[in-house]
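Comments concern the structure below.
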Amino acid sequence: MTTADRLAHEAASHVRVTPKVQCAVERYSTLSALIDRLSSRESHYMTPADWQELDAAQDERYRLHQQLAAAGQLHLVEVA
């Protein structure tokens, strides 16, 4: 069972998701973990590259959030 299918099941959705939505959910999850890891660091220990990586990850996750919202699939990534 894919991550997206598992999340859909947990959200009591019986609709299978498209491969594009599945990919977006998996990438969103990966980006969220990266953002959490980078955000947990003390700022004075972060390098300029860390800040750029955090900024890029947040931007990409925002775009995925918008894409999932347009597809009506935000329930796959939002915590209830």
Side-chain angles (χ1 to χ4, degrees):
M1 183 179 283
T2 68
T3 301
D5 286 336
R6 182 181 50 78
L7 292 170
H9 179 72
E10 289 173 2
S13 173
H14 300 288
V15 177
R16 295 187 63 76
V17 296
T18 65
K20 185 175 180 178
V21 169
Q22 176 184 337
C23 183
V25 169
E26 290 174 359
R27 182 68 180 147
Y28 189 98
S29 177
T30 300
L31 288 168
S32 293
L34 174 62
I35 290 166
D36 288 346
R37 183 176 56 81
L38 289 171
S39 297
S40 69
R41 294 184 186 170
E42 293 187 38
S43 61
H44 58 275
Y45 289 119
M46 290 181 66
T47 66
D50 291 335
W51 286 107
Q52 289 174 341
E53 185 176 21
L54 177 60
D55 187 49
Q58 288 173 329
D59 287 347
E60 185 178 352
R61 187 175 69 171
Y62 175 77
R63 284 190 297 275
L64 290 170
H65 188 273
Q66 297 301 89
Q67 179 184 3
L68 291 167
Q73 300 295 324
L74 277 180
H75 65 282
L76 298 175
V77 295
E78 291 186 338
V79 178

Does Arg63 form a side chain to side chain contact (heavy atoms under 4.5 Å, CB included) with Gln67? I'd like the steps, not just the answer. CA-CA 6 Å; Arg63 284 190 297 275; Gln67 179 184 3; over 6 Å; no
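- With hydrogens and angles disregarded, no donor-acceptor distance shorter than 3.5 Å links the side chain of Ser29 to the backbone of Val25.
- Other members of the cluster containing Trp51 are Leu34, Ile35, Leu38, Met46, Leu54, with ILVMFWY side chains joined at under 4.5 Å, either directly or via other members.
- Between the Asp50 side chain and the Thr47 main chain, a donor and an acceptor come within less than 3.5 Å of each other.
- In this structure, Arg37 and Ser40 approach most closely via the heavy-atom pair O-OG, 2.8 Å.
- Distance check, rounded to the nearest 0.5 Å: CG of Leu74 to CD of Gln66 gives 8.0 Å.
- For the pair His65 and Glu78, the minimum side-chain heavy-atom distance is below 4.5 Å.
- Under 3.5 Å, the side chains of Asp36 and Ser39 contain no donor-acceptor pair of N or O atoms.
- Across all non-hydrogen atoms, the minimal contact from Tyr28 to Leu64 is N-CD1, 3.7 Å.
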